[in-house]
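Read through the structure below, which is laid out as structure tokens, and then see the notes.
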Amino acid sequence: MSDIIHTDKAPSPVGAYPHARRVGNLLFLSGIGPRTPGSDAIPGNEYDTDGRLVGYDIAAQTRSVFANVRAVLEASGARWEDLVDVTVYLTDMARDFKTYNALWAEHFPDPATAPCRTTLGIDALPTPIAIELKCIAHLP
Ligand SMILES: N/C(=C\C=C\C(=O)O)C(=O)O
């Protein structure tokens with residue numbers, strides 16, 4: 001048995017999958033990016049008049065994706081503190097790791113209680129975003 005979670009407080013999934021799925025005390029979140037709920041806007045991104053990406057702000061995107069993860073956790077009855085494992089995908093490790101890593105430390109100030117983390121550099125993500133998070137939480 002599992003519970004399926006969808007919420008309008010987080011950006012809509014881009015395919016046929018839920019925001020999260022609870023199995024017992026474990027909560028599995030689908031990969032989620034920094035799109036703004038209710039719109040296609042991606043914080044920090046700038047496009048030219050032809051719709052081409054001309055710039056972005058990784059700090060804004062990182063803050064946004066953390067907010068989206070928090071929204072899915074809350075919709076699932078979980079808290080930020082319940083995160084136990086996070087996989088982070090970056091499309092430009094060399095450019096973005098330092099900024100994202102500093103913001104991670106702000107959101108998880110104590111390594112003793114922070115979730116496990118794995119950061120991977122990849123070529124592309126399904127939407128024009130620079131960061132995506134895949135999370136697992138353990139509910140008390
Ligand atoms: N999780 C997936 C995409 C998420 C994109 C986004 O939130 O911007 C997927 O395609 O599996």
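Counting starts at 1 for both ligands and their atoms, following the listed order. Side chains are part of it too, since the values below use all heavy atoms of this structure and drop only hydrogens, waters and symmetry mates.
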Is it true that Thr119 and Tyr89 share a donor-acceptor pair across their side chains at a distance under 3.5 Å? no
Quick one: list whatever passes salt bridge (Lys or Arg N to Asp or Glu O under 4.0 Å) with [X], sequence neighbours left out.
{"X": "Asp82", "result": "Arg79"}
{"X": "Asp50", "result": "Arg52"}
{"X": "Asp92", "result": "Arg95"}

Mind checking whether Leu27 and Ser76 have side chains closer than 4.5 Å, heavy atoms only? yes
Tell me which residues fall inside the under-4.0 Å heavy-atom shell around ligand 1. Val14, Tyr17, Gly31, Ile32, Gly33, Arg35, Pro126, Thr127, Ile129, Glu132
Which distance, rounded to the nearest 0.5 Å, do you find between the CG of Leu83 and the NE2 of His138? 12.5 Å
